[in-house]
*Asks:* 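I am attaching a structure below and will ask some questions about it afterwards.
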Amino acid sequence: MAAAALLLASLSGVDAFWRMDCHSPLGIARIDPLVNYGEIAAHSHIIFGGDNFSPTAGYDDLIASESTSCRAKEDKSAYWTPSFHFKHSDGTIEVVGNQGGMLAYYFLRDGGTGKEIKAFPAGFKMIAGDTNKRNYTGPVPTPPQSTWGPDLLTQASLAERALGFNCLDYANPIPEGSLTRHFLPDKSFLDANCKDGIRLELAFPACWNEAAGVAPKGYKSHVAYPDLVQDGVCPDGFSTRLPGLFYETIWRTQDFVGKDGEFVISNGDPTGYGYHGDFISGWEVETLQSAVDTCTNLNGELESCPVFTLQTQPEMAAVKLTMPGDLKNENCAGPESALPGNVAIQSGPQPATENHAGAAAPTYAASSYAAPSYAVSSKPVVSTPAVSAKLPAYSKPSYAGSFSIQDIHAAGVASTSSIATSEASSTSAAVYVAVTPAPSAPVESDGGSIIGTTTYTSDGAVWEVAIKEIDITVTAEPTGAARRRRHLAQHRHVGDRHGL
Ligand SMILES: *[C@@H]1O[C@H](CO)[C@@H](O)[C@H](O)[C@H]1NC(C)=O
């Protein structure tokens, strides 16, 4: 059948990925060697990776790290984002607990171009997001990718959609897909709906202009988003494909249910539009290239890649920053009377005024600077769960019916499946495939591109699933006409649990 041929045509293995589990923060501190080199940073960050991180850290420093708080010992990269805080109604501010550290996904996608994916070169640094941004210009909800016109394809617009605020409720059979909400929901929404907290998500640009170098001033101008944010075609001048980095950090907003106040990012942003993240590669280039070339498993598991030497959670948890002297006594966790660095809370819509780079650290009593950290359980998977399927709550409720996708089964996605689709794909932000019953063996290979991740609960375990976009032939359209469309398929990965 046509669909089977299409699926086979896309079985190129180029959308493999791995999920770097950076289980424990190195620390939470006002350190940012990209934005505030050599000084006390404007706002506080939660930092992961090589232990040689510092206000002046660069590639050579990171490579010289003795250890890393990420799972693969070879990965001494530095990953950091602003920390996440709660402002009580009496004005005191404390950090929100981080759950399970950070996941740094490495998506290996070529946008169907067949181009080689190149390891981050030595000295590569980049920033995604804009700390001063306080508004959103795109339509809500985001229309389906296939309908994005010029307005939605500018780099500024793609960057807006590279941020995600995922409401976690592991009991909800209709989990949100990643990168579907591009703002921080308010506290009453979080209290009512997100009983397992909020997952902050950030996709980095994966297209590189080699001529601009590895780390130009500002750390942004050398990279660009492909035209589907996490996949698609690179813009002119940015023709080198890099691994698509994607950060996920879970914050325990549920610990503040019933308390009066608001959540705010450490850069003084209560809207989420100014969320951002930083990356300095700390990989030996050959090692990373070897992983990119050979770790083409589609299940994301680090165990599947022989390039990596894996360490345990206690080993990762033991890796901490050496705090610079002038920050030793700063208590970013609070509770304190202001955000670390006394950053002003500014809700826009006009851009935030500059933060207070270099503001001296107050001399708090020496105390722990680390946010409370909660272990991810290593509960064994008890059985194969079925994936419920429905349109996600944020999309237009135009659910139209179920269609057979036996052709997808032929490509190895599922044993028996049905697809829920909307009346017209132009009104639907996402479509999930129902897999009932779920396949009994891990799905190793199929077509399509992974465009995000989400979680769901079954049998007491939290599962992380990748959302894939695949080409299918709909054989039972309401109109009766068989038409090929792009749909989103939800595809489970055995054993990928996160945040339980
Ligand atoms: C929205 O944000 C952009 C980028 O920060 C800014 O240039 C623009 O002025 C803002 N719009 C409004 C209405 O403030």
Side-chain angles (χ1 to χ4, degrees), residues 30 32 34-37 41-45 80-85 87 125-143 148-166 179-187 189 198 200-207 209 212 216-230 235 237-238 245-247 249 262-279 339-359 394 429:
R30 281 197 297 140
D32 189 335
L34 295 191
V35 177
N36 303 120
Y37 181 86
H43 52 261
S44 78
H45 299 101
W80 70 100
T81 69
S83 48
F84 193 73
H85 301 253
K87 181 181 177 186
K125 304 170 179 179
M126 66 177 162
I127 296 176
D130 173 359
T131 187
N132 293 325
K133 197 163 157 40
R134 293 291 185 277
N135 65 46
Y136 186 81
T137 62
V140 179
T142 303
W148 291 359
D151 285 358
L152 293 182
L153 293 174
T154 64
Q155 284 297 312
S157 178
L158 293 166
E160 286 191 321
R161 277 165 282 132
L163 313 182
F165 299 83
N166 195 288
L179 296 189
T180 53
R181 180 188 293 102
H182 308 298
F183 60 90
L184 178 62
D186 65 21
K187 178 142 196 312
F189 181 92
I198 190 148
L200 270 50
E201 305 163 333
L202 179 67
F204 281 73
C207 305
N209 170 10
K217 191 174 184 318
Y219 308 105
K220 282 182 163 186
S221 58
H222 57 331
V223 287
Y225 287 100
D227 65 2
L228 298 176
V229 181
Q230 291 197 277
F238 296 83
L245 261 189
F246 183 67
Y247 292 0
T249 317
E262 68 172 346
F263 291 103
V264 61
I265 305 174
S266 66
N267 59 342
D269 179 12
T271 69
Y273 302 130
Y275 187 58
H276 59 280
D278 303 60
F279 173 71
L339 281 169
N342 201 25
V343 170
I345 298 175
Q346 300 177 75
S347 55
Q350 69 279 9
T353 50
E354 280 306 306
N355 290 321
H356 313 271
Y394 52 82

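Counting convention: from 1, in listed order, for ligands and their atoms alike. Note that the structure is a prediction, hence the values are computed from the model and not measured.
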*Asks:* Where do Phe238 and Gln155 land on the side chain to side chain contact (heavy atoms under 4.5 Å, CB included) test, with the steps shown first?
*Replies:* CA-CA 12 Å; Phe238 296 83; Gln155 284 297 312; over 6 Å; no
*Asks:* Could you list each nitrogen or oxygen of ligand 1 that sits under 3.5 Å from a protein nitrogen or oxygen, with the atom names and the distance?
*Replies:*
residue	atom	partner	partner atom	Å
ligand 1	2 (O)	Asn135	OD1	3.0
ligand 1	2 (O)	Asn135	ND2	2.5
ligand 1	11 (N)	Asn135	ND2	2.8
ligand 1	14 (O)	Pro349	O	3.2
ligand 1	14 (O)	Gln350	N	3.3

*Asks:* Determine yes or no for a side-chain-to-main-chain donor-acceptor pair under 3.5 angstrom, with Ser266 supplying the side chain and Ser44 the backbone.
*Replies:* yes
*Asks:* Using the rule given for side chain to side chain contact (heavy atoms under 4.5 Å, CB included), can you reason through Phe279 versus Phe204, listing the C-alpha separation, both sets of side-chain angles and the distance that settles it, and then say yes or no?
*Replies:* CA-CA 9 Å; Phe279 173 71; Phe204 281 73; 4.1 Å; yes
*Asks:* Over all heavy atoms of both residues, which pair between Gly272 and Phe165 is shortest? Give the atoms and the distance, please.
*Replies:* O-CZ, 3.2 Å
*Asks:* Just say parallel, tilted or perpendicular for the rings of His276 and His45, cut-offs at 30° and 60°.
*Replies:* perpendicular
*Asks:* Please walk me through it: do Leu163 and Tyr136 pass side chain to side chain contact (heavy atoms under 4.5 Å, CB included)?
*Replies:* CA-CA 11 Å; Leu163 313 182; Tyr136 186 81; over 6 Å; no
